[in-house]
Amino acid sequence: MAQYHPSEDLLAAYVSGAADEPTEALIAAHLTFCPECQEAASRHEEIAGALFERFDGAVAETRSGANAITQCAIDSVSADHKGAPPGSLSEIAPRPLADYIFARAGAADLDAMKWTFYGPGIKRAILVGSRDGALVRLVKARPGAKFPDHHHGSDELTLVLTGAYRDHTGRYGVGDVQCAEASLSHQPVIEDEGVCYAFVVSEKPAIPKGLTAKIVQRVIRG
């Protein structure tokens, strides 16, 4: 069972339909691992439904649209990946996330994705980028690999899909979501539990410490 979870604010935004697409996919995937957050999401749905019903009586129509991904996540709690793209991607990612990654990467097999070097033993497939670097990415790292010591220009969400990693804030295993604030500076290290795959969403790229602006651009662009 997951030990680290999205914040209540993130769950509320997800249920209301206010979260952006990659965050929706991340939370939907987390729900497949976490009965505790399923219950929390249901509570938010009940509150939202009561408010909609009280103010305009449109609860049924509004909730059905806002909570389509939530229902998909809850329906996918088992290991059943029916409907997900065929291939090794669906072996590591729950259906809501597998569908999102497939739509962005155009590949159903992990080996067919466009992986770029990010450090010794670490690669990433960029799903959404900006002129400054990666914003949404799938990361894979070998046991013992160390990420560059870096800080964040924005909040960052990381969902662990396989394996585990550790930093000074704790140990993050399968199903865990690390909610890293913009001010956080850390250096994740992969635990000895097999290859770690993680799905990462941020508003701005991470900035490695101690690098000049020119070198930063080279590193974050892979």
Side-chain angles (χ1 to χ4, degrees), residues 1-15 19-20 22-41 43-44 73 77 79 91-94 96-97 100-101 118-125 127 133-211 219-220:
M1 183 179 295
Q3 302 297 314
Y4 294 91
H5 315 276
S7 67
E8 287 292 328
D9 287 344
L10 281 172
L11 286 174
Y14 168 80
V15 167
D20 58 45
T23 301
E24 281 187 334
L26 183 149
I27 295 177
H30 172 72
L31 291 179
T32 70
F33 295 109
C34 184
E36 180 180 336
C37 284
Q38 287 180 37
E39 294 180 3
R43 290 194 299 271
H44 283 292
V77 170
E91 295 175 5
I92 69 160
L97 185 55
Y100 174 82
I101 294 173
Y118 192 61
I122 306 170
K123 293 183 179 180
R124 63 182 182 174
L127 306 174
L135 302 180
V136 182
R137 57 271 193 205
L138 184 64
V139 176
K140 66 176 180 180
R142 296 199 306 261
K146 293 183 179 181
F147 281 74
D149 193 2
H150 63 277
H151 60 85
H152 299 269
S154 67
D155 292 350
E156 180 179 87
L157 300 176
T158 301
L159 170 66
V160 180
L161 299 172
T162 69
Y165 71 87
R166 183 183 299 274
D167 64 15
H168 70 278
T169 67
R171 179 190 179 280
Y172 300 86
V174 174
D176 284 331
V177 174
Q178 182 176 25
C179 300
E181 296 182 352
S183 59
L184 178 69
S185 177
H186 67 156
Q187 184 177 29
V189 179
I190 306 303
E191 299 276 78
D192 294 329
E193 298 181 23
V195 174
C196 180
Y197 281 92
F199 179 68
V200 187
V201 178
S202 57
E203 295 178 359
K204 296 180 181 179
I207 307 299
K209 284 185 174 180
L211 298 182
V219 172
I220 63 180

Minimum heavy-atom distance [X]-[Y], with the two atoms named:
X	Y	value
Val15	Ala41	CG2-O, 3.6 Å
Gln38	Leu31	NE2-O, 2.8 Å
Gly170	Tyr4	CA-OH, 3.7 Å
Leu11	Cys37	CD1-SG, 4.3 Å
Ala28	Pro96	CB-CB, 3.6 Å
Ile190	Pro143	CG2-CA, 3.7 Å

Worksheet item: Does CD belonging to Glu193 count more than 12 external heavy atoms closer than 6.0 Å?
Response: yes

When rounded to the nearest 0.5 angstrom, what distance separates [atom1] in [X] from [atom2] in [Y]?
X	Y	atom1	atom2	value
Glu191	Arg171	CD	CZ	5.5 Å
Ile122	Arg142	CD1	CZ	9.0 Å
Ile92	Leu138	CD1	CG	5.5 Å
Phe33	Gln3	CZ	CD	14.0 Å

For [X] and [Y], indicate whether the former's side chain and the latter's backbone hold a donor-acceptor pair under 3.5 Å.
X	Y	answer
Thr162	Val195	yes
Asp176	Val160	no
His30	Gly175	yes

Answer whether the closest heavy-atom distance between the side chains of [X] and [Y] falls below 4.5 Å.
X	Y	answer
Asp155	Cys179	no
Phe199	Val136	yes
Pro6	Leu157	no
Leu161	Pro94	yes
Val200	Gln178	no
Leu97	Leu159	yes

Worksheet item: For the residue pair Tyr172 and Tyr165, does the interplanar ring angle fall in the parallel (under 30°), tilted (30 to 60°) or perpendicular (over 60°) class?
Response: parallel

Discussion item. Just by distance, no angles: are the side chains of Asp167 and Thr169 close enough, under 3.5 Å, to form a donor-acceptor pair?
Written reply: yes

Worksheet item: Hey, are Glu156 and Arg137 close enough for a salt bridge, meaning a charged N less than 4.0 Å from a carboxylate O?
Response: yes

Worksheet item: Do Val177 and His5 pass the side-chain contact (heavy atoms from CB on, under 4.5 Å) test, and can you show the C-alpha distance, the side-chain angles, and the key distance before you say yes or no?
Response: CA-CA 5 Å; Val177 174; His5 315 276; 5.9 Å; no

